[in-house]
K.L.:
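Please read through the structure below; I'll follow up with questions.
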There are 2 protein chains.
Amino acid sequence: MKRDSRLSSVLHALLHMAEQDGPLTSEALAQCMHTNPVVVRRTMGLLRDVGIVHSAKGHTGGWTIAADLKTVTLRQLHEALGEPAVFAIGNRNETPECLVEQSVNSVLDDAFSEAEALLLRRFENVTLADLAAEFARRHAQWRTERTLS
Amino acid sequence: MKRDSRLSSVLHALLHMAEQDGPLTSEALAQCMHTNPVVVRRTMGLLRDVGIVHSAKGHTGGWTIAADLKTVTLRQLHEALGEPAVFAIGNRNETPECLVEQSVNSVLDDAFSEAEALLLRRFENVTLADLAAEFARRHAQWRTERTLS
DNA sequence: CGAATCGTAATAATTGAAGTTACATGAAAA
DNA sequence: TTTTCATGTAACTTCAATTATTACGATTCG
Ligand code: FES
Ligand code: FES
């Protein structure tokens with residue numbers, strides 16, 4: 001399966017929007033992340049549905065952030081994207097009658113549930129502001145390195 | 001993406017083999033798990049490569065367990081299958097030059113690494129014997145329920 | 001010998017994400 | 001008001017990865 005990279009995508013887009021005053025068009029975002037404007041609209045549309053971003057049509061239209069960076073967590077974004085399946089590994093049959101399969105599923109599900117819970121807890125503890133700070137840190141370091149060389 | 005269900009598959013097969021004296025043919029295993037004998041051979045072949053099972057050709061041939069149930073962990077099976085990707089969610093670009101993407105990747109990778117580490121630790125702590133015990137438990141309960149009704 | 005069984009390569013089917021095309025809708029600008 | 005720019009969406013295609021199938025070769029036991 002192809003891996004779902006929408007979370008990564010929207011984070012990239014949101015960072016760009018955070019560093020920009022006016023709205024950014026789907027076209028501009030698409031170009032910057034080497035994809036298609038329609039894909040951007042589709043994905044960002046899910047964030048608009050929960051109020052994280054705002055979109056405007058026509059001249060001077062585009063996408064803007066509609067929430068405080070400090071209050072938006074990765075978990076919220078994951079949910080806005082429809083809580084896609086986290087794991088690429090799974091059970092052969094989710095609702096088996098057979099006791100053998102039920103035993104296997106039960107043991108595997110336990111492990112996967114724990115790991116997923118941990119992941120979501122981590123997601124809750126990272127905000128867009130944290131991400132922006134991480135970017136600022138890397139940007140500053142990059143400037144230092146460039147100056148030194 | 002289609003989810004990789006081979007771990008679930010081999011566990012099912014191994015439980016069957018554990019409850020059986022003689023060898024089981026690929027044909028028999030395939031029929032029981034509603035799949036194709038070639039798929040069984042391909043997958044079980046990976047376990048044979050690391051000595052967990054043994055295969056024999058010809059009349060009276062088939063698959064047998066070649067290790068102590070108490071010593072085989074889910075982690076070993078996961079490794080035998082080639083350590084397939086655990087997550088269905090990932091970064092848009094694994095080796096970006098852009099600092100924005102690097103920041104996003106870094107934050108996401110941290111979270112995913114932790115979750116994967118937890119999952120693998122869990123896998124280390126579950127043996128085939130544990131799984132067989134879980135099956136025995138369910139089987140006993142099923143017999144009780146059937147008797148009562 | 002000959003039937004049963006695994007080993008393996010090559011190919012097709014399936015599944016789900018991502019990309020494309022096409023056109024409708026709405027808003028600002030000219 | 002007309003034109004232009006932008007989003008909104010549906011429909012379809014492409015792409016990547018797993019799983020299934022077909023075909024045939026190699027062994028082993030009866
Ligand atoms: S199919 Fe139920 S036990 Fe194998
Ligand atoms: S920042 Fe968007 S492409 Fe590098």
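Here is the naming used below: chain letters follow the sequence lines, and residue numbers restart at 1 for every chain. Remember, it's a predicted structure, so these values are computed and weren't measured experimentally.
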K.L.:
Cation-pi between Arg138(B) and Trp142(B): NZ/CZ under 6.0 Å from ring centre and within 45° of the ring axis?
P.N.:
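Geometry flag: not set, cation outside 6.0 Å or 45°.
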K.L.:
Short question: side chain of Gln102(A), backbone of Pro96(A) - any donor-acceptor pair under 3.5 Å?
P.N.:
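Between the backbone of Pro96(A) and the side chain of Gln102(A) there is a qualifying donor-acceptor contact (under 3.5 Å).
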K.L.:
With a cut-off of less than 4.0 Å, is there a side-chain N or O of Ser26(B) near OP1 or OP2 of dT5(C)?
P.N.:
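The answer is no; no side-chain N or O of Ser26(B) sits under 4.0 Å from OP1 or OP2.
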K.L.:
Give every donor-acceptor pair under 3.5 Å between a side-chain atom in residues 84-95 of chain A and any protein atom, sequence neighbours left out.
P.N.:
from	atom 1	to	atom 2	distance (Å)
Asn91(A)	ND2	Asn105(A)	OD1	3.4
Asn91(A)	ND2	Asp109(A)	OD1	2.9
Arg92(A)	NE	Met33(B)	O	3.2
Arg92(A)	NH1	Ser9(B)	OG	2.8
Asn93(A)	OD1	Thr95(A)	N	3.0

K.L.:
Can you tell me the distance, in whole Å, between the CZ atom of Arg3(A) and the P atom of dT18(D)?
P.N.:
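It works out to 11 Å between those atoms.
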K.L.:
Would Leu81(B) and Phe123(B) show up in the same hydrophobic cluster when neighbours are defined by side-chain heavy atoms closer than 4.5 Å?
P.N.:
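Both belong to a single hydrophobic cluster.
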K.L.:
How close or far is atom C1' of dA30(C) from atom NE2 of His59(A), stated in whole angstroms?
P.N.:
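Whole-Å distance recorded here is 8 Å.
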K.L.:
Between Lys2(A) (NZ) and dA17(C) (P), how many Å, whole number?
P.N.:
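The answer, rounded to whole Å, is 10 Å.
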K.L.:
If only side-chain N and O atoms of Thr25(B) are considered, is one of them under 4.0 Å from the OP1 or OP2 phosphate oxygen of dA4(C)?
P.N.:
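False: Thr25(B) side-chain N/O out of range (4.0 Å or more) of dA4(C) OP1/OP2.
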K.L.:
Using whole Å, report how far CD1 of Ile89(A) lies from P of dT19(D).
P.N.:
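Atom CD1 in Ile89(A) sits about 10 Å away from atom P in dT19(D).
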K.L.:
Considering residues at least two apart in sequence or located in another chain, which fulfil the salt bridge (charged side-chain N to carboxylate O under 4.0 Å, His left out) criterion with Arg75(A)?
P.N.:
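Salt bridge (charged side-chain N to carboxylate O under 4.0 Å, His left out) list for Arg75(A), sorted by chain: Glu79(A), Glu124(A).
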K.L.:
Between dG19(C) atom P and Asp4(A) atom CG, what is the distance in whole Å?
P.N.:
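Atom-to-atom, Asp4(A) to dG19(C), this comes out as 11 Å.
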K.L.:
Calculate, to the nearest 0.5 Å, the distance between atoms CG and CG belonging to Leu11(A) and Leu74(A) respectively.
P.N.:
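If we round to the nearest 0.5 Å, Leu11(A):CG and Leu74(A):CG are 5.5 Å apart.
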K.L.:
Could you tell me whether the phosphate oxygens of dA17(C), OP1 or OP2, come under 4.0 Å of any side-chain nitrogen or oxygen in Arg92(B)?
P.N.:
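So the side-chain polar atoms of Arg92(B) never come under 4.0 Å of the phosphate oxygens OP1 or OP2 of dA17(C).
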K.L.:
Taking atom C1' of dT7(D) as reference, at what distance in whole Å does atom CG of Leu29(A) sit?
P.N.:
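Atom-to-atom, Leu29(A) to dT7(D), this comes out as 13 Å.
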K.L.:
How many Å lie between CG on Asn93(A) and C1' on dT18(D), as a whole number?
P.N.:
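Rounding to the nearest Å, CG of Asn93(A) and C1' of dT18(D) are 17 Å apart.
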K.L.:
How many Å lie between CH2 on Trp63(A) and C1' on dC5(D), as a whole number?
P.N.:
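From Trp63(A) CH2 to dC5(D) C1': 15 Å.
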K.L.:
Any idea which heavy atoms bring Thr64(A) and Met17(A) closest together, and the distance?
P.N.:
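The answer is C-CE, 3.4 Å.
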K.L.:
Please work out which residues in residues 32-56 of chain A have a non-hydrogen atom less than 4.0 Å from an atom of DNA chain C and list them by number.
P.N.:
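Listed by number, they are Thr35(A), Asn36(A), Val38(A), Val39(A), Arg42(A).
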